[in-house]
Structures are given as C-alpha cells and as structure tokens.
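Reckoned from all heavy atoms, side chains included, excluding hydrogens, waters and symmetry mates. Residues: numbered from 1 along the sequence shown.
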Amino acid sequence: MTTILIDADACPVVNETIRIAENFGFRCMLICDTAHEMHRDGAETIIVSKGADAVDFVLVNRVQKDDIVVTQDYGLAAMVLAKQGHPIDQNGRLYTSENIDQLLFARHTAQKVRMAGGRLRGPKKRSKESNIKFEESLKKLCASLKNK
C-alpha cells in the first residue's frame with residue numbers, strides 16, 4: 001500500500017495531504033521533531049529528537065518504492081528519488097531525476113552567497129493558489145500510483 005510521508009516540520013499543507021491520502025485510501029505518516037510536535041486525525045505521527053536532519057533520516061529509512069514524500073528539502077528529495085519514491089514540494093512541484101541536480105546546485109550556490117555575507121530574498125508569502133496547485137499535483141500523482 002502506498003504511504004504518503006510528510007516532512008512535517010513547518011509543512012503548510014499537512015491537512016490537505018491527509019485529506020487527499022484518505023480519499024485515495026493511502027496511509028499517511030507525519031514525521032516531526034519534538035520542537036514541531038503535531039498530531040492529526042487520519043495520520044500516524046512519529047516524533048524524533050531534535051537534531052540536524054533527524055527527521056530526514058527517519059523518513060528516508062521508512063520510505064518504500066512508490067511512496068510519496070511531501071518535503072521542501074532538496075537533499076531529502078534526492079534521497080527519496082534514490083529509493084524510487086515520489087517527492088513533491090508544498091507548492092506541487094515534483095522533484096525528478098531531471099530537476100534535482102539543478103535544485104541542489106542552486107541551494108549550494110545560495111549557501112555560498114550567504115556564507116560570504118550576502119543576502120537573498122526569502123520565499124514569497126503563501127497564497128491560496130499555492131495550496132490549490134499543491135492539491136492538484138498531489139491528486140494527479142496519487143491517481144497515477146493508484147492505477148499502477
């Protein structure tokens with residue numbers, strides 16, 4: 001059975017993801033650290049100790065082929081792809097073998113700019129349209145896996 005795993009620390013689409021998982025009959029799992037602890041009906045919650053990448057390591061160890069992972073983390077998305085999972089971000093962008101290298105390189109470049117004292121613009125304010133786009137993309141991904 002397909003599971004949707006959510007990198008739940010600061011994820012803005014937890015409730016939408018749980019609802020869609022229920023509609024498709026998929027299992028849903030929230031993974032968060034003790035600083036971001038949350039519980040929701042319709043999802044199993046796994047709480048891990050705070051620490052750099054603690055949630056990422058627990059999540060990647062649980063993901064199976066064709067599971068879906070909701071995350072904003074490019075590094076985690078790359079590991080999910082290596083395990084033949086389907087990572088998607090909170091805006092509905094699917095991470096793929098075609099775009100992950102470019103995203104990781106952009107992250108690396110941004111880190112270098114920040115380490116040199118530079119500043120970069122933060123993300124745009126979340127909009128209702130972002131939620132709609134996420135839901136559409138997740139439903140399409142779920143439907144493609146349900147028909148496999």
Exercise answer: donor-acceptor pairs, residues 45-55 side-chain atoms, under 3.5 Å, sequence neighbours excluded:
residue : atom : partner : partner atom : Å
T45     : OG1  : M38     : O            : 3.2

Using a 3.5 Å cut-off and no angle test, enumerate the donor-acceptor pairs between side-chain atoms of residues 12-19 and protein atoms at least two apart in sequence or in another chain.
residue : atom : partner : partner atom : Å
N15     : OD1  : R40     : NE           : 2.9
T17     : OG1  : V13     : O            : 2.7
R19     : NH2  : E135    : OE1          : 3.0
R19     : NH2  : E135    : OE2          : 3.2

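Of the possible donor and acceptor atoms, none in the side chain of S137 sits under 3.5 Å from a partner among the backbone N and O of F134. Side-chain atoms of Y95 never come within 3.5 Å of backbone atoms of V80 as a donor-acceptor pair (strictly under, hydrogens ignored). In terms of modelled atom types and a separation under 3.5 Å, the side chain of D9 and the main chain of D33 share a donor-acceptor contact. The closest donor-acceptor contact from the side chain of D73 to the backbone of G75 lies under 3.5 Å.
Qualifying salt bridge (charged side-chain N to carboxylate O under 4.0 Å, His left out) partners for D56, counting only residues two or more places apart in sequence or in other chains: none. In this view, F24 and F26 satisfy the ring pair (Phe, Tyr, Trp, His ring centres under 6.0 Å) rule, not counting sequence neighbours. For N131, the side-chain hydrogen bond (donor to acceptor under 3.5 Å, both in side chains) partners are R126, not counting sequence neighbours. Listed by chain and residue number, nothing satisfies the side-chain hydrogen bond (donor to acceptor under 3.5 Å, both in side chains) test with T3 (two or more places apart in sequence, or in another chain). A search for side-chain hydrogen bond (donor to acceptor under 3.5 Å, both in side chains) contacts involving E44 returns R27, not counting sequence neighbours. With sequence neighbours left out, K83 forms a side chain to side chain contact (heavy atoms under 4.5 Å, CB included) with V60, V63. For D67, there are no side-chain hydrogen bond (donor to acceptor under 3.5 Å, both in side chains) partners two or more places apart in sequence or in a different chain.
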Report the C-alpha distance between H86 and D66 in whole Å, list the side-chain angles of each, state the deciding distance to 0.1 Å, and finish with yes or no for side chain to side chain contact (heavy atoms under 4.5 Å, CB included).
CA-CA 6 Å; H86 303 277; D66 285 334; 2.8 Å; yes
One pair to check against side chain to side chain contact (heavy atoms under 4.5 Å, CB included): I68 and L141. What are the steps and the verdict?
CA-CA 8 Å; I68 299 169; L141 177 57; 3.9 Å; yes
Passes side chain to side chain contact (heavy atoms under 4.5 Å, CB included), L59 versus D7? Steps please.
CA-CA 7 Å; L59 194 152; D7 180 2; 4.2 Å; yes
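Remark: D41 CG is loosely packed, at most 12 non-hydrogen atoms of other residues, nucleotides or ligands lying under 6.0 Å away. Within 6.0 Å of NZ in K146 there are more than 12 heavy atoms belonging to other residues, nucleotides or ligands.
For the pair R93/I88, no side-chain contact is recorded, criterion being any heavy-atom separation below 4.5 Å from C-beta on. Side-chain atoms of T71 and D89, non-hydrogen and from C-beta on, never get closer than 4.5 Å to each other.
The two atoms that bring C28 and G42 nearest to each other are CB-O, 3.9 Å, heavy atoms only. Counting all heavy atoms, side chain and backbone alike, C142 lies closest to I20 at SG-CG2, 4.0 Å. The two atoms that bring P87 and G85 nearest to each other are CD-O, 3.5 Å, heavy atoms only. Taking both residues in full, the closest heavy atoms of I6 and C11 are given as CG2-SG, 3.8 Å, listed atom of the first, atom of the second, then distance.
Taking CD from E129 and CG from N91, the interatomic distance works out to 11.5 Å, rounded to the nearest 0.5 Å. Interatomic distance, CG of L30 versus CD of E37, reported as 11.0 Å (0.5 Å rounding).
Within the structure, ring pair (Phe, Tyr, Trp, His ring centres under 6.0 Å) pairs that include any residue of residues 31-60 do not occur (at least two apart or interchain).
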